[in-house]
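Only one structure is covered here, and it is reproduced in the block below.
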Amino acid sequence: MMSIEEAEAEQERLRPLVDLADPGPERVEYVAGLDVGYAGDDEVTGAVVVLRAATLEIADQVAVRQRASFPYVPGLFAFRELPPLLAAMEKLTVAPELLVCDGYGLAHPRRFGLACHLGVLTGLPTIGVAKTAFVGRHDEPAAERGSWSPIVLDGDVVGRALRTRDGVKPVYVSQGHRISLDNACSHVLRLSPGFRLPEPIRMADRLSRS
DNA sequence: GCGACAG
DNA sequence: ATCTTGTCGC
């Protein structure tokens, strides 16, 4: 197994490859949601669900179950979840143009969360959507869907707390790779018409548990 | 130093 | 994450 030190060094090595300047696609035909489910003895299930962006209909889905190769270490989340997710991605028959990841992107202690890592490895535009925010500080956004407030870490804006439903706890959006924060948030809002979490992530979450 | 810590 | 009891809001 890779050591903690080696994993951190790998993040530092790959971080310069992240593209935060590309505004990213305004519209895509296919968008994928990714999530990992956990079973008993260190078993992880990587799930990828490709949706037709216009209708949110499922176009393709793959789940791969394997032995976890890295423990859960805050800040090194990707080293646990990336292997099963990449294995699932390789089996897709419909190519997504945008990936929505469950977790952090830029909003990460070393500015290199799972979404950035997956973006660099696949070359695809990626967005990180987390359910909790332990990185940086942010004000509470207004109660209406669409409201947001910046997440600030060491003086830098690294993401947004974005309200996807009226009066419901926001999600925490950050850039992964090849997409602007504005564009990432507009995609997340469009992909979350009925629930707090974007539909691709909900579908992947469901698949990862089965 | 101690605790907290995406999932 | 997952498990699980109890509570809350509609």
Side-chain angles (χ1 to χ4, degrees), chain A residues 1-2 4-5 7-8 10-11 14-15 18 32-49 63-89 99-121 126-138 143 145 150-154 156-162 164-177 181 184-185 188 194-198 200-210:
Chain A
M1 183 193 98
M2 183 182 263
I4 302 285
E5 292 71 24
E8 288 177 346
E10 178 79 345
Q11 291 183 327
L14 294 177
R15 183 176 54 179
V18 173
L34 301 90
D35 194 17
V36 174
Y38 294 78
D41 329 335
D42 279 331
E43 289 285 316
V44 289
T45 302
V48 183
V49 179
V64 171
R65 183 170 176 163
Q66 58 182 227
R67 195 78 182 272
S69 57
F70 201 88
Y72 169 64
V73 180
L76 298 177
F77 195 42
F79 292 88
R80 184 167 176 76
E81 299 214 337
L82 229 30
L85 290 177
L86 291 171
M89 293 264 321
L99 307 181
V100 184
C101 309
D102 191 29
Y104 296 156
L106 237 206
H108 175 276
R110 279 177 298 280
R111 313 290 211 278
F112 195 72
L114 172 68
C116 299
H117 205 144
L118 194 58
V120 167
L121 263 41
T126 59
I127 300 170
V129 179
K131 297 183 285 294
T132 53
F134 295 111
V135 169
R137 298 182 51 81
H138 65 87
R145 166 178 157 87
I151 298 171
V152 178
L153 177 61
D154 298 330
D156 301 317
V157 174
V158 295
R160 285 180 191 166
L162 174 65
T164 52
R165 293 196 71 193
D166 289 358
V168 171
K169 178 179 169 167
V171 296
Y172 306 92
V173 179
S174 56
Q175 288 162 276
H177 183 58
L181 184 52
C185 288
V188 167
F195 298 92
R196 176 184 177 228
L197 291 174
I201 288 187
R202 298 185 65 242
M203 297 291 100
D205 178 75
R206 172 204 270 191
L207 178 61
S208 76
R209 296 171 194 271
S210 60

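Every heavy atom of this structure was used, including side-chain atoms; hydrogens, water molecules and symmetry mates were not.
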Salt bridge (Lys or Arg N to Asp or Glu O under 4.0 Å) filter on A/R145, not counting sequence neighbours, yields none
Note: chain A reaches DNA chain C at heavy-atom distances under 4.0 Å over the stretch, first to last nt, 5' to 3', of C/dA1 to C/dT2
Contacts of A/Q11 meeting side-chain contact (heavy atoms from CB on, under 4.5 Å) (sequence neighbours excluded), chain-then-number -> A/L76, A/F79, A/H108, A/R110, A/F112
With sequence neighbours left out, the residues meeting salt bridge (Lys or Arg N to Asp or Glu O under 4.0 Å) with A/K131 are A/D102
Sorted by chain and residue number, the side-chain contact (heavy atoms from CB on, under 4.5 Å) partners of A/V135 (sequence neighbours excluded) come out as A/Y104, A/P109, A/L153
Residues passing the side-chain contact (heavy atoms from CB on, under 4.5 Å) test with A/R137, sequence neighbours excluded, are none
| said: Please evaluate residues A/D156 and A/R111 with respect to the criterion salt bridge (charged side-chain N to carboxylate O under 4.0 Å, His left out), reporting the C-alpha separation (whole Å), side-chain torsions for both, the decisive distance (0.1 Å), and the verdict. | reply: CA-CA 10 Å; A/D156 301 317; A/R111 313 290 211 278; 2.7 Å; yes
Applying the Watson-Crick and G-U criteria (both distances under 3.5 angstrom) with [ ] for crossing and | for other-strand pairs, one obtains for DNA chain B .......
Under a 3.5 Å cutoff, is there a donor and acceptor pairing between the side chains of A/E81 and A/Y72?
no
Sorted by chain and residue number, the side-chain contact (heavy atoms from CB on, under 4.5 Å) partners of A/A161 (sequence neighbours excluded) come out as A/H138, A/P141, A/S149, A/P170, A/Y172
* Asked: Heavy-atom distance under 4.5 Å between the side chains of A/V18 and A/V120, does that happen here?
  -> yes
Per-nt protein contacts along nucleotides 1-7 of chain B (heavy atom under 4.0 Å; B base, S backbone sugar-phosphate only, - none) come out as ----BBB
Residues passing the salt bridge (Lys or Arg N to Asp or Glu O under 4.0 Å) test with A/R206, sequence neighbours excluded, are none
Dot-bracket for DNA chain C, 5' to 3', Watson-Crick and G-U pairs with both distances under 3.5 Å, [ ] for crossing pairs, | for partner on another strand, reads ..........
- Message: Would the distance check show the side chain of A/R80 and the main-chain N or O of A/F70 forming a donor-acceptor pair, the cut-off being under 3.5 Å?
- Response: yes
Residues at least two apart in sequence or cross-chain that pass salt bridge (Lys or Arg N to Asp or Glu O under 4.0 Å) with A/D166, listed by chain then number, are none
